[in-house]
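A quick write-up on the structure given underneath.
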Amino acid sequence: MKLTYRGAAYDYEPTPVDMTETGITGHYRGQAFQFAYPRHIPVPQPPGDYQYRGVAYHKTSTGAIESVAAPIAVLTPVVTPTAPVTPSPTGLTYRSVAASRLNLQREIAGKHRDNIHRRLQHRLEVARAKGDQALINELEREMEYTSR
């Protein structure tokens, strides 16, 4: 079958599907029909090393699956000098993780405020260039509100 997609012509050969009858009959709008399902022939996976969702495994030539021990990642604890630290068996502390998360949130909020301020500055410059006094007044009020 000759098909074209976005100007590129190609030949399409549909894959034949081998259907298996189930022996179950049904009726739809007065017509009888036979239920059938496609016959799936499993393709064996060749032996080798594989990984599924980050878990490594090895498949042998007989089809057996053996687990592969992956190296355990070591986390470096984040310690803040102001918070008292009580290490856990893993070396991480709840306070150090919470403090680093709080610092990250503050940093992101600061960047967000800077981006809003920079965008308002640009809008204010454009309004001044156009001479739109009502928009200039509105943007100056918004600038005062965001600088708090």
Side-chain angles (χ1 to χ4, degrees), residues 1-80 83 85-132 134-136 138-139 141-143 145-147:
M1 181 183 325
K2 198 103 166 136
L3 298 175
T4 305
Y5 178 72
R6 293 189 176 186
Y10 63 95
D11 290 322
Y12 174 68
E13 297 296 329
T15 306
V17 178
D18 186 22
M19 300 298 282
T20 302
E21 297 293 328
T22 62
I24 302 172
T25 59
H27 291 289
Y28 180 71
R29 293 191 176 188
Q31 298 291 322
F33 65 94
Q34 292 281 330
F35 282 97
Y37 61 89
R39 181 188 316 236
H40 296 288
I41 302 171
V43 179
Q45 192 177 32
D49 294 327
Y50 296 97
Q51 189 171 12
Y52 178 72
R53 294 190 178 182
V55 177
Y57 66 95
H58 177 78
K59 188 153 191 180
T60 63
S61 58
T62 62
I65 296 175
E66 300 170 347
S67 66
V68 177
I72 298 172
V74 177
L75 298 176
T76 307
V78 178
V79 180
T80 56
V85 178
T86 308
S88 67
T90 61
L92 291 175
T93 63
Y94 295 112
R95 290 186 185 190
S96 62
V97 172
S100 62
R101 184 176 292 157
L102 184 61
N103 288 339
L104 180 62
Q105 288 174 347
R106 286 181 182 154
E107 183 180 336
I108 290 170
K111 288 281 186 189
H112 182 64
R113 249 188 329 275
D114 293 343
N115 288 338
I116 289 173
H117 190 276
R118 191 178 68 244
R119 185 68 183 141
L120 277 173
Q121 279 293 109
H122 175 73
R123 290 174 62 200
L124 192 56
E125 290 171 10
V126 171
R128 285 185 180 139
K130 288 183 176 179
D132 188 351
L135 182 58
I136 291 171
E138 184 66 33
L139 290 173
R141 281 195 301 272
E142 193 173 340
M143 187 76 80
Y145 178 76
T146 58
S147 63

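Just so you know, these numbers come straight off a predicted model, no measurement behind them.
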Looking at [X] and [Y], what are the two nearest heavy atoms and their distance?
X	Y	result
M1	E13	N-OE2, 4.0 Å
F35	T22	O-OG1, 2.9 Å
E21	A36	OE2-CB, 4.0 Å

Flag, side chain of H58 to backbone of G48, donor-acceptor distance under 3.5 Å: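 Pair found, side chain donor or acceptor close to backbone of G48.
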Validation row: K2, D11 side chains within 4.5 angstrom (heavy atoms): yes
Enclosure of Y10 OH (heavy-atom neighbours >12, cutoff 6.0 Å):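 Check passes, neighbour count above 12.
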Within 6.0 angstrom of F33 CZ, more than 12 heavy atoms from elsewhere: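 Check passes, neighbour count above 12.
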Please set out all donor-acceptor pairs under 3.5 angstrom arising from side-chain atoms of residues 117-125, sequence neighbours excluded.
unit_1	atom_1	unit_2	atom_2	d
R118	NH1	N115	OD1	3.0
R118	NH2	N115	OD1	3.3

Atom pair CZ (R106) and CG (N103), whose distance is rounded to the nearest 0.5 Å: 6.0 Å
Gap separating the OH atom of Y57 from the CG atom of D49, nearest 0.5 angstrom: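 Here the interatomic distance stands at 10.0 Å.
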